[in-house]
Amino acid sequence: MTERIHGRQFVRTFFTTPTAVEGEDDSAKMLRSAIKLRGMKAPDVWVPDNEDATAPSMRDEGAANIIDVISEGGAEFPGEIHPRVVWHRDSPSTRYQGFKHMLEIADPERGAIEHIDGFVIPEVGDIDDWKKADEFITIVEHEHGLPEGSINMSVIVESGEAELAMGHLRDEMGKPTNNLERLFMLVDGEVDYTKDMRGMTPTGSLPPWPELRHNTSRAASAAGLIAVDGPYDNIRDVEGYHTRMTENQAKGMLGIWSLTPGQVVEANKGPLPPKTGSWHIEAGGRRVELTPEDGVQVYDGDRVSVEETGDGYLLRVDTDEQQLTEDELREELLNLTVYVPSMDDIVDSMEEFETARDAGRGAIAITQSATIRIGEVDIDISKDRMWDEATFQAAMTPIALFQDVYENRPDQHDDLAEMYGEDIVERAANVGR
């Protein structure tokens, strides 16, 4: 795998902003607002969008606005800044326009490039097209006396060609004929991808494209890059946004496009471990969170019921019924329940394993226990999970993300301390080091 040359290990939020708004006294008003975002409202990556979010007639003015706003306020912006320029695999004139805008924006005499981390290239095609974009950025660097490879490049995967091109990255990156090591993010663009694939649904809504998201995450993992999902345009559907993020996180795609500051907050918090742990019952294809009451986890649903009978218990799960002894009921509930650990739980387990490992033990059992109440019946359950080095490394992913955030986003330290408490933040920042 080609060694990373960029600083961030994780990107949670990819926030786009129009670069020029027509009909306003100040066409850069949205840029000026976005660059002032701080804390959880500020994205890990801010993308002044001089492509789809900006009208074609305003893009020259948009490039000038990028320079003005970033040269003035870029030093204080807490995240990375990656302007999006125009590009198209089938249009030389569009590619040339994007090149001219990059050349203009990167001019050191204009004062913006010192605060810019890279450029986002949309509508790429096969791997040769990626190399064209890379070559243009190399020319920009040479023209302005910037170190070769100092400007990162991220691409938006919006076509079948681009999806197939991701499979060639491991072979192409590191060759002396290109500078593709500058690649940073692979971002899915499902809207244009659907158009390119000629996809249709009865309602006209976007297909979910789980294969694209898997392929992007896999390519990012293989090439040492960061995978980011495309925009979730129903901005009022917070639950749907969370569902999408949860599905992505299981694929290793921890970043997502954000269209509003509200989505930025949700996406910044989404991959972080929860403040408190929670027990859930899974039945009938649904997961129901149990409510803690006086040390008991209470089920308030209609898919599972338990009744005490004269010789045991009657367990109903949807339409299935079982007559069980107490031990059999406990075993069935163990199969139905899952525990979502808190940040404190994860850190406790990791510290316990580190202590055991340092003492020469290769594996330990860590117990999770609870009293489950269903109807009028209380049952104590407990489950042991074996922790070894592989378990420790798997648990390290959310902690490594937290540590990356903590190191790169000092503007979020107060928010993190408020979420978890200062003691947990300090322990999480040091565990596994």
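The shown structure was predicted, so the numbers you read here are calculated from the model rather than taken from an experiment.
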(request) Check whether any side-chain heavy atom of Arg427 sits under 4.5 Å from a side-chain heavy atom of Asp348, and report yes or no. (result) yes
(request) Applying salt bridge (charged side-chain N to carboxylate O under 4.0 Å, His left out) between Arg12 and each of Asp229, Asp404, Asp44, report the one that passes. (result) Asp44
(message) Looking only at the aromatic ring of each residue, does the gap between the centers of Tyr406 and His413 stay below 6.0 angstrom?
(response) yes
(message) In this structure, is the centre-to-centre distance between the rings of His101 and Phe119 below 6.0 Å?
(response) no
(request) Kindly give the heavy-atom pair with the smallest separation between Leu333 and Thr337, and that separation in Å. (result) O-OG1, 2.8 Å
(message) Under a 3.5 Å cutoff, is there a donor and acceptor pairing between the side chains of Asp378 and Thr371?
(response) no
(request) Say whether, by atom type as modelled, one donor and one acceptor occur between the side chain of Asp126 and the main chain of Asp129 under 3.5 angstrom. (result) yes
(message) Does atom CG (Asp414) have a neighbourhood of more than 12 heavy atoms from anything else shown, all under 6.0 Å?
(response) no
(message) Would the distance check show the side chain of Tyr420 and the main-chain N or O of Pro274 forming a donor-acceptor pair, the cut-off being under 3.5 Å?
(response) no
(request) Can you measure from CG (Leu206) to OG1 (Thr194) and round to the nearest 0.5 angstrom? (result) 4.5 Å
(message) Does Glu328 have more than 12 heavy atoms from other residues, nucleotides or ligands lying within 6.0 Å of its CD?
(response) yes
(request) From the options Val264, Thr13, Ile70, select the one residue that forms a side chain to side chain contact (heavy atoms under 4.5 Å, CB included) with Trp46. (result) Ile70
(message) Angle between ring planes, Trp87 versus Phe136, binned at 30° and 60°: parallel, tilted or perpendicular?
(response) perpendicular
(message) Tell me whether the count of non-hydrogen atoms from other residues, nucleotides or ligands lying under 6.0 Å of CG in Asp358 goes above 12.
(response) yes
(request) Would you tell me whether Ser349 and Arg385 have side-chain atoms, one donor and one acceptor, within less than 3.5 Å of each other? (result) no
(request) Answer yes or no: is there a donor N or O on one side and an acceptor on the other, between the side chain of Ser33 and the main chain of Lys29, under 3.5 Å? (result) no
(request) Check whether any side-chain N or O of Asn179 sits under 3.5 Å from a backbone N or O of Gly149 as a donor-acceptor pair, and report yes or no. (result) no
(message) Which residue is it: Glu239, Glu190, Glu266? I am looking for the one with a salt bridge (charged side-chain N to carboxylate O under 4.0 Å, His left out) to Arg244.
(response) Glu190
(request) Check the angle between the aromatic planes of Trp257 and Phe14 and answer parallel, tilted or perpendicular using the 30° and 60° thresholds. (result) perpendicular
(message) To check you understand the geometry: which heavy-atom pair defines the closest contact between Gly62 and Asn50, and what is its length?
(response) CA-OD1, 3.5 Å
(request) Please check if any side-chain donor atom of Thr19 sits under 3.5 Å from a side-chain acceptor atom of Asp49, or the reverse. (result) no
(message) Can a side-chain donor-acceptor contact be found between Tyr241 and Ser258 if the only test is distance below 3.5 angstrom?
(response) yes
(request) Mind running salt bridge (Lys or Arg N to Asp or Glu O under 4.0 Å) on Glu407 and Arg433 for me, showing each step along the way? (result) CA-CA 13 Å; Glu407 291 171 6; Arg433 298 285 189 170; 2.5 Å; yes
(message) Could you check whether any side-chain N or O of Arg373 sits under 3.5 Å from a backbone N or O of Val296, counting only pairs where one atom can act as donor and the other as acceptor?
(response) no
(message) Can you see whether Phe392 has Arg357 sitting over its ring - NZ or CZ less than 6.0 Å from the centre and within 45° of the normal?
(response) yes
(message) I need the minimum non-hydrogen distance between Glu307 and Arg316, along with the two atoms involved.
(response) OE2-NH1, 2.8 Å
(request) Spell out, as yes or no, whether a donor-acceptor pair under 3.5 Å connects the side chain of Arg95 to the backbone of Arg89. (result) yes
(message) Could you check whether any side-chain heavy atom of Asn248 comes within less than 4.5 Å of a side-chain heavy atom of Arg213, counting everything from C-beta outward?
(response) yes
(message) Quiz question: by atom type and distance under 3.5 Å, do the side chains of Glu80 and His82 form a donor-acceptor pair?
(response) yes
(message) Could you report the tightest heavy-atom contact between Leu183 and Leu169, atom names first, then the distance?
(response) CD1-CD2, 3.8 Å
(message) So does Leu212 get a backbone contact from the side chain of Asn215, meaning a donor-acceptor N/O pair under 3.5 Å?
(response) no
(request) Could you grab the distance from atom CG of Asp188 to atom CD of Glu163, nearest 0.5 Å is fine? (result) 8.0 Å
(message) Determine whether Arg286 and Glu282 satisfy the following criterion, salt bridge (Lys or Arg N to Asp or Glu O under 4.0 Å), listing intermediate values before the conclusion.
(response) CA-CA 6 Å; Arg286 294 182 59 190; Glu282 294 182 334; over 6 Å; no
(request) Consider only side-chain N and O atoms of Thr203 and Ser205, and report whether a donor and an acceptor are under 3.5 Å apart. (result) yes
(request) Output the distance between atom OG (Ser278) and atom OH (Tyr339), rounded to the nearest 0.5 Å. (result) 7.0 Å
(request) State, yes or no, whether a side-chain contact exists between Val45 and Val120 at a heavy-atom distance under 4.5 Å. (result) no
(message) I'd like to know whether NZ of Lys383 has more than 12 heavy-atom contacts from other residues, nucleotides or ligands below 6.0 angstrom.
(response) yes
(request) Please check if atom CE in Met386 has more than 12 non-hydrogen atoms from other residues, nucleotides or ligands closer than 6.0 Å. (result) yes
(message) Looking at Glu351, I want to see if its CD is surrounded by more than 12 non-hydrogen atoms of other residues, nucleotides or ligands under 6.0 Å.
(response) yes
(request) Keeping the roles fixed (side chain from Asn268, backbone from Ala42), state whether a donor-acceptor pair exists under 3.5 Å. (result) yes
(request) Indicate yes or no for a side-chain donor-acceptor contact from Asp411 to the backbone of Gly39 under 3.5 Å, with no hydrogens or angles considered. (result) yes
(message) Do Phe353 and Arg361 make a side-chain contact, defined as non-hydrogen atoms from C-beta onward lying under 4.5 Å apart?
(response) no
(message) We want to know whether Ser382 and Thr367 form a side-chain donor-acceptor pair, criterion being a heavy-atom distance below 3.5 angstrom.
(response) no
(request) Locate the shortest heavy-atom distance separating Arg38 from Pro78; write the atom from each residue and the value. (result) NH1-CD, 3.6 Å
(request) First locate atom CG of Leu186, then atom CE of Met166, and finally report the distance between them rounded to the nearest 0.5 Å. (result) 6.5 Å
(request) Evaluate whether atom CD of Glu24 has more than 12 neighbouring non-hydrogen atoms of other residues, nucleotides or ligands under 6.0 angstrom away. (result) yes
(message) Testing the 3.5 Å rule here: is there a donor-acceptor pair between the side chains of Thr309 and Gln323?
(response) yes
(message) Rounded at 0.5 Å granularity, tell me how far CZ in Arg8 sits from CG in Asn152.
(response) 12.5 Å
(message) Just so I know, are the side chains of Glu135 and Lys131 near enough to count as touching, which here means a heavy-atom distance under 4.5 Å?
(response) no
(message) For the backbone of Thr391 and the side chain of Asp388, can you confirm whether one donor and one acceptor N or O come within less than 3.5 Å of each other?
(response) yes
(request) Grab the two heavy atoms, one from Met396 and one from Val431, that are nearest each other, plus how far apart they are. (result) CE-O, 3.7 Å
(request) Find the distance between CZ (Arg84) and OG1 (Thr17) and round it off to the nearest 0.5 Å. (result) 11.5 Å
